[in-house]
Amino acid sequence: MTDHKFATAAVHAGQEPDGATGAVIPPVHFSTTYAQDGIGGLRGGYEYGRAGNPTRTALETQLAAIEGGARALSFASGLAAEDALLRALLQPGDEVLLGNDVYGGTYRLLARVLGPWGVKLRVVDISDLAAVDAALAAGTPKIVWVETPSNPLLRITDIRALAAKAHAAGSIVVVDNTFASPALQQPIALGADVVVHSTTKYLGGHSDVVGGALVFADAALAEQPQFLQFAAGGVSGPLDAWLTTRGIKTLAVRMERHSQNGQAVADFLAGHGRVARVYYPGLASHPGHEIAASQMSAFGGIVSLALGDAAAARRFAESTRLFTLAESLGGVESLVNYPDAMTHASVRGTELAVPEDVVRLSVGIEHIDDLLADLDQTLAGL
Ligand SMILES: *Cc1c(COP(=O)(O)O)cnc(C)c1O
């Protein structure tokens with residue numbers, strides 16, 4: 001599949017028609033165990049569901065193909081994937097250099113779960129390459145972890161430049177590609193060693209399945225995380241894996257519409273007198289717009305806005321009609337979120353705290369006229 005274009009690989013990789021019946025959609029394998037032809041005589045390499053499952057293999061094949069990786073592993077959630085990766089690669093005393101605008105749960109996992117086991121954490125504005133230089137000069141982190149665009153302020157990091165610096169220092173580069181999805185950005189081609197996903201978001205795409213994934217540039221780096229996937233057991237179940245595979249097949253067309261709608265929403269908000277600031281990498285005024293344009297094929301569906309004070313931001317989040325007030329993002333339906341008290345409540349008062357006047361929109365694939373009308377009535381009522 002590596003010689004096919006993205007949209008083709010998304011539909012076909014790991015999805016050969018079933019050999020026994022010709023079913024165009026491969027069956028979902030629920031069996032937890034597999035008959036052996038004599039002791040150790042495995043038919044397809046499968047023995048027990050935690051160790052391997054054909055539906056999970058199909059998803060992992062599809063994930064590796066769409067991210068341009070050598071190997072992918074699928075997990076029960078994005079955080080289960082992150083946990084397996086971090087515990088596989090880190091020893092007590094190792095340090096992680098983390099961007100200061102990442103998913104709150106990633107910070108919580110590092111600071112409150114792995115921290116007590118001796119993992120050290122340093123936080124910088126990772127979009128600022130001078131700050132990265134200074135951090136690397138002060139000591140070599142085992143892992144440099146970046147989210148671009150970041151959550152929720154859509155900061156942009158130059159992946160190619162960051163990877164060159166981190167590799168020169170001897171660090172492993174991990175990119176959380178949840179916000180862009182591989183349809184818009186391919187971190188491995190830009191130098192990343194590992195791509196992390198919450199497949200709960202754009203890859204699943206329909207807000208109906210929680211999952212996570214790791215994709216590796218080099219299969220050798222996947223060995224320890226794969227052992228931990230098996231030994232600690234944070235695997236995705238067969239139905240979850242199948243729903244995610246089905247979501248990925250339409251990823252290319254969904255991301256096109258998310259990006260068109262995201263741009264139109266950002267342009268509308270940027271021209272509205274009640275809005276203090278709009279955060280969207282597709283706006284020419286956005287810091288990092290040029291870098292985003294060079295490493296992304298479009299700018300995605302997440303738009304954040306600042307309204308000047310917390311009360312206005314809370315009112316905004318509570319008065320949309322079509323945008324549903326809810327956590328999460330990346331589904332076909334539009335959502336509104338107040339990060340300070342919802343998705344980012346766990347980082348309140350830390351160096352990752354989100355400004356209190358910021359609202360985050362996950363712009364869905366509905367008709368743009370209806371989305372803009374909803375935002376217009378919301379702003380008029382503030
Ligand atoms: C949601 C999210 C995660 C965590 O994934 P879960 O599937 O919720 O465990 C990690 N990174 C980003 C950017 C996310 O949005």
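Order of appearance sets the numbers: ligands from 1, and atoms from 1 within every ligand. All residue numbers in this chain count up from 1 along the given sequence.
- Salt-bridge formation is detected for the pair Arg122/Glu95: a Lys NZ or Arg NE/NH1/NH2 atom is positioned less than 4.0 Å from an Asp or Glu carboxylate oxygen.
- Side-chain N/O atoms of Thr57 and Tyr46 include a donor and acceptor closer than 3.5 Å.
- Within a 6.0 Å sphere centred on CD of Glu290, heavy atoms belonging to other residues, nucleotides or ligands number 12 at most.
- Protein residues lining ligand 1, listed by chain and number: Ser77, Gly78, Leu79, Glu82, Tyr103, Glu147, Asp176, Thr178, Ser198, Thr200, Lys201, Gly211 [non-hydrogen atoms, distance under 4.0 Å].
- Legend: residues meeting side-chain hydrogen bond (donor to acceptor under 3.5 Å, both in side chains) with His197, ordered by chain and number and at least two apart, are Glu67.
- For the pair Arg50 and Phe230, the distance from NZ or CZ to the six-membered ring centre is under 6.0 Å and the angle to the ring normal is within 45 degrees.
- Environment of CD in Glu356: sparse, with no more than 12 heavy atoms of neighbouring residues, nucleotides or ligands closer than 6.0 Å.
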